[in-house]
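Encoded as structure tokens, the structure appears first; notes follow it.
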Amino acid sequence: ASDVYKRQDKMKWGILATGNIAKKFASTINQMSKENEQLVAVGSRNIESAKAFAKEHDIPRYYDSYEALVKDQDVEAVYVATPNTLHYDNCRLCLEHGKHVLCEKPFTINDKQAQELYSLARDRHLFIMEGLWIWFLPLYDRLRSILQQGVIGEIKHISCQYGFVATGARKERKFNPALGGGALLDIGIYNLGFLRIVTGDEPQNVETQKVHINEYGTDDYSCLKLTYNDGCTAESVQTIGQELKRNARIEGTKGSIFLPDFQHAETMILEVEGKEPETIECPVDINGFEYEIREVSRCVKLGYCSSDVYTAKDSIALTRMMYDIRTSWSEADMKTVIIYASVHHNNTKKIVDAIADEYGVDIIDAAKITEKDLSGYDLIGFASGIYFGKMHQTVINFAEVNLPEDKDVFLICTYGGKPVFDSIKGIIKEKQGRIMGEFSCKGYDTFGPFKLIGGISKGHPDKNDLDNAKAFFKGLCK
């Protein structure tokens, strides 16, 4: 192993942020001193918060910024405990300063960010892992063994639920979209993580049976139905707004397993046909966090860049699933219309149709319809090719007449020259609109006098153009 893998006698930890979860982590580390786990520094954006945290948890150094924390040469690994939307940037900061990382769940907001972090860790010969601590609980080692032995036969159905009530400032934090709020990201990760522990696989299909979006614009309740390739089905309920016991049940062809608390999992009841029910107890040593901490130290000592127990593949798959679920909610709830003008080769219409077919948005041909009430739409798009150096006049005229005030707007041009958007941006600004994104692609090749009026099409937009347009729109909806 290279020198970067040679850990010191003690794993010296820094903690990035000082919230409640960071306090639990610090308390756990302080009970693991005999295992060579040691807290050496804490960083916060508020120096008083860092100072108080350091005093409470007997940490020798504290800093008034995350940057200062990661520059501490004595810190070997960092526990990232910031709000969800900050995880990606904070993890990058740690890796770029040579620190191993344990990041509180959920790892990142989307799978692209997750993949980038695992890749960066490999490039830097550093370790990184998402802190899905339940994955490492001793009860789940026992559960995996029971399932692998076929004790309850073929798994047919799994159910799990988790719910609690948040009030006051805690409620605001839990639901704040700017912080990556919502029940799915906050606690649904436990449910979906549990289902992956049981099945060891990704579902073939995930269907939202019910979701409630609150006044903050995030989810406070959802019920998901998951279907797996072997025919097994699962139901997952996650909510912040009502108390639900964190229980789970696994039903097989020969028996069942009930967990009265699948998060703080220390007990399960095994029922097999023809036998008396058996209660299996696997108590934790401290509070459950100690197992993920031990996993970090084990992997760093072995020179791993990611865990071989809770793998990068597992983490990325769960991140992708939650992103796709949340995106589907946004697409379902966001009423969208695209106003377009398509001349010459219908290149713009091909782009608009691709988005409409994929996501079910409404479309309006500005050459045929000149007036339309758009007040009921959440998102409004304007699309055209280039026509005498700007977007088609019918689209500009339509925007002048029909665009309501205070709307989210996006722009599409099948030419590639973003300056053509200038002609419509002034209208959007006058009506206090917000431009959420701009997309352009090569609608045609142009030369000489054809540049201003349409050019000559040479296979564009192609499949790649259409896929990029759909990805652009999906990104607007997340």
Side-chain angles (χ1 to χ4, degrees), residues 21 24-25 80-81 84 87 102-111 113-114 117-118 128-144 147 155 157-164 180 182-204 206 219 222-228 232-240 244-250 257 259-266 268 282 284 287-296 306-326:
I21 200 72
K24 182 176 180 179
F25 184 86
V80 173
N84 300 337
H87 288 177
L102 174 62
C103 179
E104 181 55 35
K105 58 78 197 162
F107 193 40
T108 55
I109 296 299
N110 59 59
D111 53 302
Q113 291 178 337
L117 290 179
Y118 281 111
I128 191 169
M129 187 178 80
E130 177 183 17
L132 186 59
W133 56 276
I134 67 168
W135 196 276
F136 304 97
L137 295 177
L139 186 83
Y140 285 133
D141 289 338
R142 183 72 184 278
L143 175 63
R144 291 181 183 99
L147 296 176
I155 300 173
H157 185 70
I158 314 162
S159 60
C160 56
Q161 61 174 31
Y162 186 176
F164 68 90
L184 182 67
L185 282 177
D186 191 65
I187 58 177
I189 177 67
Y190 288 119
N191 297 41
L192 299 178
F194 167 75
L195 295 178
R196 192 171 179 91
I197 289 172
V198 174
T199 64
D201 201 2
E202 296 181 44
Q204 183 183 32
V206 181
D219 59 297
S222 65
C223 177
L224 307 172
K225 180 182 178 181
L226 300 88
T227 306
Y228 295 83
C232 173
T233 60
E235 182 180 87
S236 173
V237 173
Q238 40 281 317
T239 178
I240 301 178
L244 293 179
K245 292 183 178 180
R246 298 183 294 254
N247 56 43
R249 181 176 294 277
I250 307 164
I257 299 172
L259 292 90
D261 187 339
F262 76 88
Q263 184 199 31
H264 297 280
E266 297 183 278
M268 60 183 169
C282 295
V284 300
N287 57 24
F289 273 28
E290 63 272 25
Y291 300 99
E292 67 176 3
I293 294 169
R294 288 169 183 160
E295 177 67 3
V296 174
S306 59
S307 171
D308 58 345
V309 177
Y310 180 49
T311 66
K313 180 181 178 181
D314 293 319
S315 177
I316 292 169
L318 287 173
T319 303
R320 181 187 305 115
M321 190 193 311
M322 290 192 295
Y323 175 74
D324 288 344
I325 292 168
R326 292 169 64 240

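The main-chain N or O of Ile293 is never found under 3.5 Å from a side-chain atom of Glu295 such that the two would form a donor-acceptor pair. Not one N or O on the side chain of Glu292 forms a donor-acceptor pair closer than 3.5 Å with the backbone of Phe136. Under a 3.5 Å cut-off, the side chain of Gln161 and the backbone N or O of Ser159 do not form any donor-acceptor pair. Of the possible donor and acceptor atoms, none in the side chain of Asp111 sits under 3.5 Å from a partner among the backbone N and O of Ala114. With hydrogens and angles ignored, the 3.5 Å screen pairs a side-chain donor or acceptor of Lys105 with a backbone N or O of Asp186. A donor-acceptor distance shorter than 3.5 angstrom exists from the side chain of His87 to the backbone of Phe107, with no hydrogens or angles considered. A donor-acceptor pair is defined here as one N or O able to donate and one able to accept, closer than 3.5 Å; such a pair exists between the side chain of Asp219 and the backbone of Ala183. A distance-only check finds no donor-acceptor pair linking the side chain of Glu130 to the backbone of Pro106 [under 3.5 Å].
From Leu137, atom CG reaches atom CD1 of Ile197 across 7.5 Å, with rounding to the nearest 0.5 Å. Taken to the nearest 0.5 Å, the OH atom of Tyr162 stands 5.0 Å off from the CZ atom of Arg246.
Closest of all the heavy-atom pairs between Gly131 and Leu102 is CA-CD1, 3.7 Å. The shortest non-hydrogen separation linking Pro260 to Met268 is CD-CA, 4.5 Å. Nearest heavy-atom pair across Cys223 and Val237 is SG-CG2, 3.9 Å. Taking all atoms of both residues into account, the shortest heavy-atom contact from Arg196 to Glu202 is NH1-CG, 3.0 Å. In this structure, Val198 and Ile155 approach most closely via the heavy-atom pair CG1-CD1, 3.8 Å. When all heavy atoms of Pro203 and Met321 are compared, the pair lying nearest together is CD-CE, 3.6 Å.
For the ring pair (Phe, Tyr, Trp, His ring centres under 6.0 Å) with Trp135, the qualifying choice from Tyr310, Phe262, Tyr190, Tyr140 is Tyr310, the only one to do so.
More than 12 heavy atoms of other residues, nucleotides or ligands lie within 6.0 Å of NZ in Lys24, so this atom counts as buried by the packing criterion.
Arg320 forms no cation-pi arrangement with Tyr323, by the criterion of a distance under 6.0 Å to the ring centre and an angle within 45° of the ring axis.
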